[in-house]
Student: 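Shown below is the structure under consideration.
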Protein chains: 2
Amino acid sequence: MLSLAEENYLKAIYHLGKFGTISVSTNAIAEQMQTKASSVTDMIKKLAEKDLVIYKRYQGAKLTSAGNKIAASVVRKHRLWEVFLVEHLSFSWDEVHEVAEQLEHIKSEKLINQLDAFLEFPTHDPHGDPIPDKNGQIQKTDKVLLSQIDEAESCMCVGVKDSSSEFLKYLDKHKIALGTELKVLSKESFDESMILEVHQKPLSISKVVSNNLFVKK
Amino acid sequence: MLSLAEENYLKAIYHLGKFGTISVSTNAIAEQMQTKASSVTDMIKKLAEKDLVIYKRYQGAKLTSAGNKIAASVVRKHRLWEVFLVEHLSFSWDEVHEVAEQLEHIKSEKLINQLDAFLEFPTHDPHGDPIPDKNGQIQKTDKVLLSQIDEAESCMCVGVKDSSSEFLKYLDKHKIALGTELKVLSKESFDESMILEVHQKPLSISKVVSNNLFVKK
DNA sequence: ATTAATTTTTAGTCTTATCTAAATTTATGT
DNA sequence: ACATAAATTTAGATAAGACTAAAAATTAAT
Ligand SMILES: [Mn+2]
Ligand SMILES: [Mn+2]
Ligand SMILES: [Mn+2]
Ligand SMILES: [Mn+2]
């Protein structure tokens, strides 16, 4: 049984390693975990000892299939709890992350399977991120950043890249939620800002925004 | 903000101290916590430092009002989660305790208040134990042990003193649940066993059972 | 009132997870 | 190729929470 710290390190490597093939650098993990590189070295040695990561000195760490499975299970729990908080406890999407960070470490197979059923087997969390299945598999979607959309094209908001409370509140303010239809009226090449049509009204957004909003055509 | 260990010690003292007035002995806490007396001494010193318990060397520990409030809040969370697991996630009453031991440490005011509302403000957990309110107050009921009931009297099962999985499964087997009506047909003075009428059928139970079942007349 | 038994505390050690500072290895620039 | 910069690891320290063994205080028994 893994400690909370071990689970968090695996999750950090999972998120940074994107597709499992790349080795993640010590410094990158340190930044993600808000800790020091020396602490990371200690931990990845321990995880390597348990065959959860592959570690070669000065070469960073990569999840093994056992490590990937555990990390995916933690992410699965995190995202299922986020759905629960939004759907049943009236949390808004900018409030759930902190609590889910705690709930993701609760250890009970039955709990998570029953929660999954109670929520009617959701496929995505409130931020549009996919929920891994029991085997850690995620169904990848064809979402793309809003900044990639051409002028005059329409699309639907399906996720956020930056899920900070600040960005989510910005979206709330402008009535942009998952499922909202967007149309790109024009793009300014100078600063890469855009004018959108949202709910029949024009809205000017900066590149920071279009680069953090996932859409589907 | 308190650590998980600190919260568990406060809860142990809360459960052992019953009405808050009595000092709880180091050994009693050690047994409850499944740890050694020396570890308890270290911890109650730390809790005394934080003004959560009153500690005098060789005299055991007693919760302060601040300590009592925190302990009651942990118990509140434990019992609310137990209700959630039984009512919404199809857990049986003998499966909830272990998971609630973990969930009781999740820190979020909003979470617990929303959970309370979602559950429609339950007053008792699946074992018949009262749920403290936001201020740590519990409404005491007039429940009594089944062993105290006289021959020919009827009563209703309202709680269990022993909430071990073994005892709960024994009750399940004999179709005794909270709300079940019981009638004492006879009492054997020799071994203090009883014959009950349950669901229109006679059932012989030992003193161990009648001493661990709370009823209301 | 002593002695013996029990309870509690102290002293010292261990593990986990963190840190700082110094040493080492790898990457980069000329 | 060599010097310098950056990244990573090692060494040593610290804090929380647990343990064992020994000492001290309290309680019980004669
Ligand atoms: Mn999150
Ligand atoms: Mn999310
Ligand atoms: Mn319980
Ligand atoms: Mn209970």
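Source: prediction; values computed, not measured. Just so it is clear: chains get the letters A, B, ... in the order the sequence lines come, proteins before strands, and each one is counted from 1.
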Student: Test for a donor-acceptor pair under 3.5 Å between the base of C:dT8 and the side chain of B:S38, counting only N and O atoms.
Tutor: no
Student: Find the distance B:L4:CG to D:dA18:P and express it as a whole number of Å.
Tutor: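 These atoms are roughly 9 Å apart.
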Student: Please examine the side chains of B:F84 and B:F91, heavy atoms only from C-beta on, and report whether any two atoms are closer than 4.5 Å.
Tutor: no
Student: Rounded to the Å, how far apart are B:Q59 CD and D:dT26 P?
Tutor: 7 Å
Student: Measuring centre to centre across the rings, with the benzene-like ring taken for any Trp, is B:Y14 within less than 6.0 Å of B:Y9?
Tutor: no
Student: Please confirm whether the shortest side-chain N or O distance from A:N27 to OP1 or OP2 of D:dT8 is below 4.0 Å.
Tutor: yes
Student: Please lay out, stage by stage, how A:L146 and A:F214 fare under the test side-chain contact (heavy atoms from CB on, under 4.5 Å).
Tutor: CA-CA 6 Å; A:L146 175 56; A:F214 286 119; over 6 Å; no
Student: Find the distance A:E6:CD to C:dT15:C1' and express it as a whole number of Å.
Tutor: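 One finds 12 Å between C1' of C:dT15 and CD of A:E6, rounded.
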Student: Between the base of C:dT10 and the side chain of B:T41, is one N or O donor paired with an acceptor at under 3.5 angstrom?
Tutor: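 Absent.
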Student: Knowing that exactly one of B:I54, B:L63, B:L52 qualifies, which makes a side-chain contact (heavy atoms from CB on, under 4.5 Å) with B:L47?
Tutor: B:L52
Student: Nearest whole angstrom, please: distance from the P of D:dA7 to the CD1 of A:I44.
Tutor: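 The distance from CD1 of A:I44 to P of D:dA7 comes to 15 Å, rounded to the nearest Å.
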Student: What is the separation between atom OH on A:Y55 and atom C1' on D:dT8, rounded to the nearest whole Å?
Tutor: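 A:Y55 atom OH is separated from D:dT8 atom C1' by 7 Å.
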Student: Starting from C1' on D:dA11, measure out to NZ on A:K36 and report it in whole angstrom.
Tutor: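 One finds 17 Å between C1' of D:dA11 and NZ of A:K36, rounded.
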Student: OP1 or OP2 of D:dT9 sitting under 4.0 Å from any side-chain N/O of A:K45?
Tutor: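 A:K45 to D:dT9 OP1/OP2: no side-chain N or O under 4.0 Å.
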Student: Between B:R57 and C:dT10, is there a contact of a side-chain N or O with OP1 or OP2 at under 4.0 Å?
Tutor: yes
Student: When you measure from the side-chain N and O atoms of A:T26 to the phosphate of D:dT9, is any distance below 4.0 Å, counting only OP1 and OP2?
Tutor: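 So the side chain of A:T26 is within the cut-off, an N or O lying under 4.0 Å from OP1 or OP2 of D:dT9.
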Student: Rounded to whole angstrom units, what separation is found between the CE atom of A:M1 and the C1' atom of C:dT16?
Tutor: 17 Å
Student: Is the distance between the ring centroids of B:H78 and B:H97 under 6.0 Å?
Tutor: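 Aromatic pair counts; centres sit under 6.0 Å.
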Student: Let's test your reading of the model: under 3.5 Å, does the base of C:dT24 pair with the side chain of A:Y58 as donor and acceptor?
Tutor: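 Yes, a donor-acceptor pair under 3.5 Å.
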Student: Taking atom P of C:dT8 as reference, at what distance in whole Å does atom CG of B:D42 sit?
Tutor: 15 Å
Student: Base, sugar-phosphate or nothing for A:A37? Non-hydrogen atoms, less than 4.0 Å.
Tutor: base
